[in-house]
Amino acid sequence: MKSRDGLIRLKRFHVEEKRRQVSQIETMIAEFERMAKELDDQISAEQQRSGIHDTSHFAYPTFAKAAIQRRDNLLASAGELKQQLAGAKGEFDAAVEDLDTMQALADRDRDQAADAQEQRAAHAR
């Protein structure tokens, strides 16, 4: 019984760890997408200021070129993080399922122990 309680605590720890991991990845994705949106706004402002919207134009602003590259890198990183998020959510679901299984087994053992105790008490009367 005590070893099962220890396993349940361990499984709860794993569930919380996976929950934190999912939350961190979601936060990073949101932050990258926010930063990419800000860069889009800066790129648009720079294009409006210069009056040049064609990136292949010889006088296209260097700042806008660099911002486009940074934005593209951020969006690529966000895409990779979305793949990691899918895996992390799968691991989280598996950890929750393991915890539920352990708790169900512990509850069954407690019920069996209580029934056995009641039978002993009834038999002793």
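- Applying the salt bridge (Lys or Arg N to Asp or Glu O under 4.0 Å) definition to pairs two or more places apart or across chains, those involving residues 41-69 are K37-D41, E46-R49.
- Checked against salt bridge (Lys or Arg N to Asp or Glu O under 4.0 Å), R12 has no partners two or more places apart in sequence or in another chain.
- In this structure, S23 OG and M28 CE are separated by 11.5 Å, a value rounded to the nearest 0.5 Å.
- Partners of E38 according to the side chain to side chain contact (heavy atoms under 4.5 Å, CB included) rule, which considers only residues two or more places apart in sequence or in another chain, are R34.
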Residues 95-108, side-chain donor-acceptor partners within the protein, below 3.5 Å, at least two apart:
residue: T101; atom: OG1; partner: E97; partner atom: O; Å: 2.9
residue: D107; atom: OD1; partner: R110; partner atom: NH1; Å: 2.9

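- Residue I25 comes nearest to A88 through the heavy atom pair CD1-CB, 4.0 Å, listed as atom of the first residue, atom of the second, then distance.
- The salt bridge (Lys or Arg N to Asp or Glu O under 4.0 Å) contacts involving residues 69-78 comprise D40-R71, where partners must be two or more places apart or lie in separate chains.
- Connectivity analysis of hydrophobic side chains (ILVMFWY, heavy atoms under 4.5 Å, direct or indirect) links I43 to I52, Y60, I68.
- By the 4.5 Å side-chain criterion applied to Ile, Leu, Val, Met, Phe, Trp and Tyr, L10 is assigned to no cluster and stands alone.
- More than 12 heavy-atom neighbours from other residues, nucleotides or ligands sit within 6.0 angstrom of CZ on F63.
- To the nearest 0.5 Å, the span separating OG on S77 from CE on M35 amounts to 9.5 Å.
- A pairwise comparison of heavy atoms in A78 and F32 identifies N-CD2, 3.9 Å as the closest pair.
- Sorted by first then second residue, the side-chain hydrogen bond (donor to acceptor under 3.5 Å, both in side chains) pairs that include residues 79-94, not counting sequence neighbours, are K18-E91, E33-K82.
- Checked options E16, E17, Q24; the residue passing with R20 is E17 (criterion: side-chain hydrogen bond (donor to acceptor under 3.5 Å, both in side chains)).
- Shortest non-hydrogen contact noted between L75 and A36 is CD2-CB, 3.7 Å.
- Around atom CD of Q112, more than 12 heavy atoms belonging to other residues, nucleotides or ligands sit under 6.0 Å away.
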